[in-house]
Engineer: 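Before anything else, here's the structure in question.
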Amino acid sequence: MLWKIPRDGLDAPGVRAYPPRMPADPVLRVAVPAPLRHTLDYLPPADADAALLAAGMRVVVPLGARRVLGVIVAIRARSELEPVKLRRAFALPDREPVLPAELLRLCLFAARYYHAPPGEVVVNTLPVALRSLRATGARSTRRWRLGAAAGGLGPHALANAPRRAAALEFLRQRGVASDAELRAAGITSATVRALAASALVEHLPDDGSRAVVAPELPATGGATSVPASRATAPGLNTAQQVALDALDAARGAYACLLLEGVTGSGKTEVYLRFIECVLQANRQALVLVPEIGLTPQTRQRFEERFGGVVAVLHSGLGDRERLEAWRRAADGSARVLIGTRSALFSPLPELGAIVVDEEHDASFKQHEGFRYSARDLAIVRAQQRQVPIVLGSATPSTESLANCAAGRFRHLLLPERAGAASPPSLRLLDVRGQPLDGGMCPELTARIGAELAAGKQTLVFLNRRGWAPLLSCADCGWMAECRDCDARLTLHRAERQLCCHHCERRQPVPATCPHCRSARLLALGAGTERAEHTLQRLFPSIPILRIDRGTMQARDAMERLVHEVGRGEPCILVGTQMLAKGHHFPRVTLVAILDLDGGLFSADFRAAERTGQLLVQVAGRAGRAELPGEVLVQTFHPGHPWLQRLLAGGYTAFVGPLLEERRARGLPPYAHLAIVGAEGRSEAATLRLLQELREALRRTHPAVEAIGPLPATRPRRAGLHRVQLLLRHAHRAPLHAALDAACTQLESHRGTGVVRWHIDVDPQDGA
Ligand code: ADP
Ligand code: ZN
Ligand code: ZN
């Protein structure tokens, strides 16, 4: 089964089928890469063959004085615009759609739901290599010859198509001709495309550099290579088998299943088995993971199990590699596609199931530009394709738990660790009044020492990179702050720099206080760099491996690290939340969490959920094999109810009351939120824009609560003032109606030239 792309584009209401014989030019409805919340109509290029036009093809169009690359989303008989106002497209670089109808439909849904410009969404989904005008130009170097069907053509077969007949004759005489030579002979590219579509001509396969991704390659038929190296697969325990049976029974239709399993309970093993079933049915599987560069082990397990039919897509790849993975997904030669957020938008003609691992992870939400949730859109895609989707987590999001309670998702549980592993024990260390060395109290360092002496490994978690989060003057109280953000600068000692972790601004460390000239500058608090230094001093013969954005820059840094730790020698891992993500270190028995207190007192209503998830995920790195694990959490607030609940009953006991509180306060998942954010150099203009919007919405949409405008979580970033208006309603429909009105008003607003605005539907932070 390959794509059957309807010539008339989408089956959305209002898109009429394109009649076979069209007296006038058809109209191309084009999504253009511009901040417009609608599509634009164009006439096809003058030399285009109307019969070959299809939704999903790229098209070069004029936009103002520019030339841009858009994507045809529909072909219509006529436009609402007056004919004289229609501009003509310049060129059609594709003979076949690059975006299948299914993905277009997903994109257009996403643009509507997130109130994002459709052109930005559609173009965003294409691999970078297909996005630029230059990539389309590369095609003009193609060389053509007669195709397979040309031999069987009778002498008068093209009597009614003189241009095609002439082109065939030209190629018959020349043997081979390039695009340029054909053009010089008066043969248009549309004529060539028409001939190619019926296999009368074909291009030589010598231009590997060109950007052809059209799903024109032969279908694999699926069954070619589905390796199932069960030799390495453990037998499933009862809970895993029950979950697998439920997933297997869900195949062939839409269903959303939440697989909640404590860390190390064998969720990945269940995904692997489920995907085996999917592949055996000749379908493809899509696996979304938070950050694949950080979890080489997950990727390795898939590759070991399924071999060469796995393709991987993530941000660490170059444009060519991304294009290659995309193409393999599109032509069906990849049967399993693993990737981060944006892999969701890959063409998968034979999609049979979707897996979203660590579904609670915040990185599934894009926070800039097109602000979408890959998890939520994955559910939409599963619905559109009528395939099952599995959301897996040890710490499910409140949204997914509420969906289970409402009967929209099925809840599958893996309550115990797989194999011989037992759950780690959790203990709080009260650090009030204790001396901290590199952020660690004496009892903690003593425990680490004992663990190392016993030949085991330790993991130290501290969600703050750098040496110290604060540089301050002991004489006048001056603090190093970012010039452009409301944020303190972090001291990075090895680099001798002060860095802003919000805008990446860097500056040298001053020798004396810029305010009072005192030389008594103090580095307060500890980050990973300082903790590493302290541990190295305390345990000079033990390797200390630091894991944060600073040390994990190199592409295979995490892979090397996993290998090093895998050797099993005593060592200490020090790192940020990069360490929390799904790693499996069998010899790590002690996990130390240095500081979670910041999360306990945040103003963000999601802080509790995030803190609980982080603690449980980090703790889950301890004792994942035969050796029992222990987790120590340092805190200044040992009596805090969140910590007490986590200690007493784990994540389930923790999250239950959270959901009740959300319900009582009318917060998600029991209400829906959207943020209209604005930023600009002038604070007054930025505020005014949103004040006017609020007044207008209060008149036109009084049922939707409009809160603000208020300063954003970070009120100033990179020199811009940031404010936001929060919209809330118990139901989605009224909220989205208000957002439609907001877009209309903001787009027509005169002041928007100096103030940038955006809409964030289902915001994950800052609300
Ligand atoms: P999760 O994804 O829930 O963290 P994994 O699937 O990574 O769990 O499993 C954790 C460890 O337990 C892995 O080493 C895995 O090979 C092993 N494992 C999984 N299922 C079983 C089983 N049924 N019997 C024995 N070991 C298992
Ligand atoms: Zn000073
Ligand atoms: Zn800054």
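Numbering of ligands and ligand atoms starts at 1, following listing order. Predicted model only: the values in this text are computed from it and were never measured.
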Engineer: Looking only at the side chains, is there a donor atom on one of D604 and S602 sitting less than 3.5 Å from an acceptor on the other?
Structural biologist: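 Side-chain D/A pair, D604 to S602: absent.
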Engineer: Does any part of the side chain of L489, heavy atoms only, come nearer than 4.5 Å to the side chain of Q507, both counted from C-beta?
Structural biologist: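 A side-chain contact under 4.5 Å exists here.
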Engineer: Ignoring hydrogens and geometry beyond distance, is a side-chain donor-acceptor pair present between E609 and T398 at under 3.5 Å?
Structural biologist: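 A pair is found: one side chain offers a donor N or O, the other an acceptor, under 3.5 Å apart.
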Engineer: Mind reading off the angle at the Zn ion (ligand 2) between the SG atom of C513 and the SG atom of C476, rounded to 10°?
Structural biologist: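 Once rounded, the angle between the two atoms at the Zn ion (ligand 2) is 110°.
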Engineer: Compare all side-chain heavy atoms of L462 with those of V574 and state whether any distance is below 4.5 angstrom.
Structural biologist: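 No, every pair of side-chain atoms sits at 4.5 Å or beyond.
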Engineer: Between V655 and P396, is there a side-chain heavy-atom distance shorter than 4.5 Å?
Structural biologist: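 P396 vs V655: side chains apart.
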Engineer: Listing by chain and number, what protein N/O/S atoms are under 2.8 Å from the Zn ion (ligand 3)?
Structural biologist: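 Those protein N, O or S atoms (cut-off: under 2.8 Å from the Zn ion (ligand 3)) are C482 SG, C485 SG, C500 SG, C503 SG.
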Engineer: Of D548, D595, T528, which meets side chain to side chain donor-acceptor pair (under 3.5 Å) against R464?
Structural biologist: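 So the option named by the test is D595.
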Engineer: Filter the ligand 1-protein atom pairs down to N or O on both sides and distance under 3.5 Å, then list them.
Structural biologist:
unit_1	atom_1	unit_2	atom_2	d
ligand 1	2 (O)	T268	N	3.0
ligand 1	2 (O)	T268	OG1	2.6
ligand 1	3 (O)	S265	N	3.3
ligand 1	3 (O)	G266	N	3.0
ligand 1	3 (O)	K267	N	2.8
ligand 1	3 (O)	K267	NZ	2.9
ligand 1	4 (O)	G264	N	3.1
ligand 1	4 (O)	R624	NH2	3.3
ligand 1	6 (O)	T268	N	3.2
ligand 1	6 (O)	E269	N	3.2
ligand 1	6 (O)	R301	NH2	3.1
ligand 1	7 (O)	R301	NH1	2.6
ligand 1	8 (O)	G266	N	3.0
ligand 1	14 (O)	H584	NE2	3.2
ligand 1	20 (N)	Q240	NE2	3.0
ligand 1	23 (N)	G235	O	2.7
ligand 1	23 (N)	Q240	OE1	2.7

Engineer: Using only heavy-atom distances, determine whether the side chains of S393 and H360 contain a donor-acceptor pair under 3.5 Å.
Structural biologist: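 Distance-only check passes for S393 and H360.
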Engineer: Checking only N/O/S atoms, does C473 have one that is under 2.8 Å from the Zn ion (ligand 2)?
Structural biologist: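 It does: C473 brings an N, O or S atom closer than 2.8 Å to the Zn ion (ligand 2).
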Engineer: Can you sort out the partners of E481 under side-chain hydrogen bond (donor to acceptor under 3.5 Å, both in side chains), two or more places apart, ordered by chain and number?
Structural biologist: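 Listed in chain order: nothing, the list is empty.
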Engineer: Output every pair passing salt bridge (Lys or Arg N to Asp or Glu O under 4.0 Å) with a member in residues 467-479, not counting sequence neighbours, ordered by first then second residue.
Structural biologist: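 Those involving residues 467-479 are D475-R520.
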Engineer: Assess the side chains of R375 and S397: does a donor N or O sit below 3.5 Å from an acceptor N or O?
Structural biologist: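 The answer is yes; a qualifying pair exists.
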